[in-house]
Amino acid sequence: QLQASGGGLVQTGGSLRLACAASGYINSAFFLGWFRQASGTEREFVSAISLGNGRTHYAESVKGRFTISKDDLKDTVYLQMNSLKPEDTATYYCAARLGGSVYFHQGYSVWGQGTLVTVSS
């Protein structure tokens with residue numbers, strides 16, 4: 001299973017760190033991704049990391065502002081979000097998949113519950 005946490009209310013330009021704790025059969029063969037969904041929009045890719053070699057992927061909209069990382073001892077993946085903008089407001093979800101493209105939410109087999117991030121202007 002996946003357990004996401006760390007959302008909250010922050011002002012424009014502020015920072016938040018999301019965490020996704022993995023348990024069960026999720027191992028180094030998996031990719032873990034972050035997606036977000038704002039009200040009335042489709043779920044969109046934010047970032048992903050290989051739990052094996054640590055290779056990272058980012059959406060263009062967050063490159064240079066967000067950093068994904070993993071702590072193997074804690075079985076946790078983090079999403080450090082800096083320079084937050086009102087358009088980053090959304091519910092953020094972490095999810096895991098074994099293979100295929102990390103950019104599409106289809107194919108992720110395990111999803112955590114969402115954590116709400118609200119960026120005020």
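Just so we're clear, the structure is a prediction, and the values are computed from it rather than from any experiment.
Not one N or O on the side chain of Thr41 forms a donor-acceptor pair closer than 3.5 Å with the backbone of Ser39. A donor-acceptor pair under 3.5 Å is absent between the side-chain atoms of Ser109 and the main chain of Arg97, judged by distance alone. A donor-acceptor pair is defined here as one N or O able to donate and one able to accept, closer than 3.5 Å; such a pair exists between the side chain of Thr89 and the backbone of Val119. Counting only distance, with no hydrogens or angles, the side chain of Thr56 and the backbone of Ile68 share no donor-acceptor pair below 3.5 Å. The backbone N or O of Gly7 lies less than 3.5 Å from a partner atom in the side chain of Thr115, making a donor-acceptor pair.
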Before you tell me yes or no, could you show the steps for Met81 and Arg65 under side chain to side chain contact (heavy atoms under 4.5 Å, CB included), namely the whole-Å CA-CA distance, both residues' side-chain angles and the distance that decides it to 0.1 Å? CA-CA 6 Å; Met81 306 187 296; Arg65 300 189 298 124; over 6 Å; no
Just do the side chain to side chain contact (heavy atoms under 4.5 Å, CB included) check on Trp34 and Leu18 with the steps written out, would you? CA-CA 10 Å; Trp34 286 97; Leu18 305 184; 3.7 Å; yes
Give the C-alpha distance, both sets of side-chain angles, the deciding distance and a yes or no for side chain to side chain contact (heavy atoms under 4.5 Å, CB included) between Ser47 and Tyr58. CA-CA 4 Å; Ser47 183; Tyr58 295 94; 3.3 Å; yes
Working for side chain to side chain contact (heavy atoms under 4.5 Å, CB included), residues Val102 and Leu32: CA-CA 8 Å; Val102 300; Leu32 198 141; over 6 Å; no
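Leu9 and Val117 fall into different hydrophobic clusters, where Ile, Leu, Val, Met, Phe, Trp and Tyr side chains are chained together by heavy-atom contacts under 4.5 Å. Note: the hydrophobic cluster containing Leu79 also contains Val110 (ILVMFWY, side chain heavy atoms under 4.5 Å, direct or indirect links). A chain of hydrophobic side-chain contacts below 4.5 Å, direct or via other Ile, Leu, Val, Met, Phe, Trp or Tyr residues, connects Phe66 to Leu16.
Closest heavy-atom contact between Ala4 and Cys94: CB-SG, 3.9 Å. Pairing each heavy atom of Ile26 with each of Ala96, the nearest pair is CD1-CB, 4.1 Å. Contact detail for Ala90 and Leu116: the closest heavy-atom pair is O-CD1, 3.6 Å.
In the displayed structure, Gln11 atom CD is contacted under 6.0 Å by at most 12 heavy atoms of other residues, nucleotides or ligands. Environment of OH in Tyr103: crowded, with over 12 heavy atoms of neighbouring residues, nucleotides or ligands closer than 6.0 Å.
With contacts defined as side-chain heavy-atom distances shorter than 4.5 Å, the pair Tyr92/Val46 qualifies. The shortest distance between side-chain heavy atoms of Thr118 and Val10 does not fall below 4.5 Å. Residues Val77 and Ile49 form a side-chain contact, since some pair of their non-hydrogen atoms from C-beta on lies under 4.5 Å apart. Taking the side chain as every heavy atom from C-beta outward, Leu51 and Asn27 never approach each other to under 4.5 Å.
Under the 6.0 Å cut-off for aromatic ring centres, Tyr108 and Phe31 do not qualify, their centroids lying 6.0 Å or more apart. Two rings, from Phe35 and Tyr93, have their centers 6.0 Å or more apart.
A donor and an acceptor atom, one from each side chain of Gln1 and Ser23, are located under 3.5 Å apart. Side-chain contact of Asn82 with Ser15: a donor-acceptor pair under 3.5 Å is present, judged by distance alone.
Between the OG atom of Ser5 and the CD atom of Gln113 there is a distance of 8.0 Å, given to the nearest 0.5 Å. Note that OG of Ser61 and CD of Glu87 are 9.0 Å apart. Values are rounded to the nearest 0.5 Å.
Ring geometry, Phe30 versus Tyr25: the interplanar angle falls from 30° to 60°, so the pair is classed tilted.
Sorted by first then second residue, the salt bridge (Lys or Arg N to Asp or Glu O under 4.0 Å) pairs that include residues 36-47, not counting sequence neighbours, are Arg36-Glu44, Arg36-Asp88.
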